[in-house]
Number of protein chains: 2
Amino acid sequence: MQESMTITDGFSGPQVCALVGITYRQLDYWARTGLLVPTIAVAKGSGSKRRYSYHDVLELKVIKNLLDAGVSLQRARQAVECLRANLGADLAAASLILSGSDSVLATSNGEIVDLLAGGQGVFNVVPMAGVVSELEEGIVAIRTESADVVPARRIARSA
Amino acid sequence: MQESMTITDGFSGPQVCALVGITYRQLDYWARTGLLVPTIAVAKGSGSKRRYSYHDVLELKVIKNLLDAGVSLQRARQAVECLRANLGADLAAASLILSGSDSVLATSNGEIVDLLAGGQGVFNVVPMAGVVSELEEGIVAIRTESADVVPARRIARSA
DNA sequence: CCCTGAGATCACGCCGGCGTAACTACCGCG
DNA sequence: CGCGGTAGTTACGCCGGCGTGATCTCAGGG
């Protein structure tokens, strides 16, 4: 998926909103307050376009899931930092765990159990497999929609 | 601990604040908005006294821990409901898990792992052992303080 | 009875998060 | 160039949660 995407690709603001299931207002607010700033291209004024990477979108999806679980944006900030510190990890096989001011990407059930057993306070656990698969489905869907539009034009050109 | 407490005992508002680590304003707001209404005695106007049971205080401690983990009051409401539905459970050996609109008191690591594996979305996990032990320590402490005051009077009386 | 301490209540306002509508600017096409 | 579509920006206000200070009421003691 990522391999087929070049650096000039990425996702527009509205695309991201559709993929992640959030309002444009939310996305804008998060960009403005520095929670999640697009890594490919920031906004340069009215009429310009932000550009988000695959990893940006994944992070946003995690934020959304945390919000749905009643977790605050402040706390979600911690999750984003952890994910950005683990850019190369195999996320689909991991669970992101927030505990106090620590954050861990646990890669086995044993690791999770150990963390929970050693804990005081509440843990927020984000199984990443679901996040990744859901996002990939969404990306396939919008790429398919875009492809539907483009080939029609190309057919017209060759005829 | 609970056995030594009769129905007329319980904890005052300010005692609860000290035990749980919250402000009076918070406690008052939660009582007024119905998040956690004291079960022994509600407020009956200015100058009256609320009275909280041990289980009330335990629930409040869970709420506080959830807040500290960035979880919203709305979500904490779910935790309270689950705990109230399990009044007789051995809480010290369980973990409270919030998942979507479901809540479970898991009593084994295997159960926790199964829940996490079957999940979409984010889990809030509250290991109850820490909550219970911390609360019991706190209760011992305030009972000790109260006892310090009372015996001194009794010594004076026998001398 | 009066006073004091304790607990509850009231009132105002702050802050975060974001809904909603209107406005601005950019880009591409004819 | 003009126009329309699209995306970003601005502005106002709502709501939840609660800090802070002032006020009210109850209960007990002198």
Side-chain angles (χ1 to χ4, degrees), chain A residues 8 10-38 40-52 56-57 60 63-78 80 142 145-146 149-150 152-153 156-157, chain B residues 8 10-38 40-52 56-57 60 63-64 66-78 80 142 145-146 149-150 153:
Chain A
T8 56
F11 304 93
S12 68
Q15 278 179 321
V16 170
C17 293
L19 282 173
V20 177
I22 58 178
T23 64
Y24 189 86
R25 182 79 180 86
Q26 283 177 300
L27 188 67
D28 190 43
Y29 180 78
W30 299 347
R32 289 172 182 286
T33 50
L35 173 61
L36 202 132
V37 179
I40 300 183
V42 297
K44 295 180 192 112
S46 235
S48 67
K49 296 171 192 289
R50 293 184 176 108
R51 210 81 197 154
Y52 293 83
D56 290 341
V57 182
L60 285 163
I63 294 172
K64 175 59 160 61
N65 282 359
L66 284 166
L67 286 192
D68 287 345
V71 179
S72 67
L73 280 187
Q74 254 311 83
R75 185 80 161 164
R77 193 174 293 267
Q78 193 176 326
V80 173
I142 69 167
E145 286 171 25
S146 305
V149 175
V150 176
R153 289 187 185 171
R157 188 182 280 182
Chain B
T8 56
F11 304 93
S12 69
Q15 277 180 322
V16 169
C17 293
L19 282 173
V20 178
I22 58 178
T23 65
Y24 189 85
R25 181 80 180 85
Q26 284 177 302
L27 188 66
D28 191 41
Y29 180 79
W30 300 348
R32 291 174 179 284
T33 49
L35 174 60
L36 202 132
V37 181
I40 299 183
V42 296
K44 295 179 192 115
S46 235
S48 66
K49 294 170 195 289
R50 294 184 175 107
R51 211 78 197 159
Y52 293 83
D56 291 340
V57 182
L60 285 162
I63 293 171
K64 175 59 160 60
L66 285 167
L67 285 193
D68 288 345
V71 178
S72 66
L73 279 187
Q74 255 309 80
R75 184 80 162 164
R77 193 173 293 268
Q78 192 177 327
V80 173
I142 68 167
E145 286 172 22
S146 304
V149 176
V150 177
R153 289 188 187 171

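Convention: sequence-line order gives letters A, B, ...; per-chain numbering from 1.
- Residue A/S12 places none of its side-chain N or O atoms closer than 4.0 Å to OP1 or OP2 of D/dT6.
- Rounded to a whole Å, the CD1 atom of A/I63 is 12 Å from the P atom of C/dG17.
- For B/K64, the salt bridge (charged side-chain N to carboxylate O under 4.0 Å, His left out) partners are B/D68, not counting sequence neighbours.
- Between the P atom of C/dC15 and the CD atom of A/Q74 lies a distance of 15 Å, rounded to the nearest Å.
- Using a 4.0 Å heavy-atom criterion, one finds that B/L35 contacts no nucleic acid atom at all.
- Comparing D/dC18, D/dT10, C/dC10 against the side chain of B/W30 picks out D/dC18 as the nearest.
- Residue B/S72 is out of contact with every strand shown, counting any heavy-atom pair closer than 4.0 Å.
- A/L67 places its CG atom 6 Å from the P atom of C/dC18, with the value rounded to the nearest Å.
- In this structure, B/I22 reaches neither bases nor backbone, as no heavy-atom distance under 4.0 Å exists between it and the strands shown.
- Listed for the A/R50 side chain is no donor-acceptor partner under 3.5 Å among the backbone atoms of A/P38.
- A/D56 is linked by a side-chain hydrogen bond (donor to acceptor under 3.5 Å, both in side chains) to A/T39, A/S53, A/R84, counting only residues two or more places apart in sequence or in another chain.
- Out of D/dC18, C/dC18, C/dG7, the shortest distance to the side chain of A/Y29 is found at C/dC18.
- Comparing atom distances between the A/D28 side chain and each of D/dA7, D/dT10, D/dC18 picks out D/dT10 as nearest.
- Residue contacts shown for B/T23 are limited to sugar-phosphate atoms, with no base heavy atom under 4.0 Å away.
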Between the protein and nucleotides 23-25 of chain C, which nitrogen or oxygen pairs come in under 3.5 angstrom?
from	atom 1	to	atom 2	distance (Å)
C/dT24	O2	A/S46	OG	2.5
C/dA25	O4'	A/S46	O	3.3
C/dA25	O3'	A/S46	O	3.4

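- The side-chain hydrogen bond (donor to acceptor under 3.5 Å, both in side chains) check on B/R32 picks up B/D28, with sequence neighbours excluded.
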Close N or O pairs between protein and nucleotides 20-22 of chain D (under 3.5 Å):
from	atom 1	to	atom 2	distance (Å)
D/dT20	O4	B/R25	NE	3.2

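- Within the 4.0 Å cut-off from OP1 or OP2 of D/dT6, not a single side-chain nitrogen or oxygen of A/R50 is found.
- For B/R75, the side-chain hydrogen bond (donor to acceptor under 3.5 Å, both in side chains) test picks out B/Q78, B/N124, with sequence neighbours left out.
- Under the side chain to side chain contact (heavy atoms under 4.5 Å, CB included) criterion, B/S46 pairs with no residue at all, not counting sequence neighbours.
- When all heavy atoms are compared, the tightest approach of A/A41 to A/K49 is CB-O, 4.2 Å.
- Atom-to-atom, CG of B/L73 to P of D/dG17 comes out at 5 Å; the value is rounded to the nearest Å.
- With sequence neighbours excluded, no residue satisfies side-chain hydrogen bond (donor to acceptor under 3.5 Å, both in side chains) with A/S72.
- The nucleotide whose nearest atom lies closest to any side-chain atom of B/Q26 is, among C/dC18, D/dC18, C/dT9, D/dC18.
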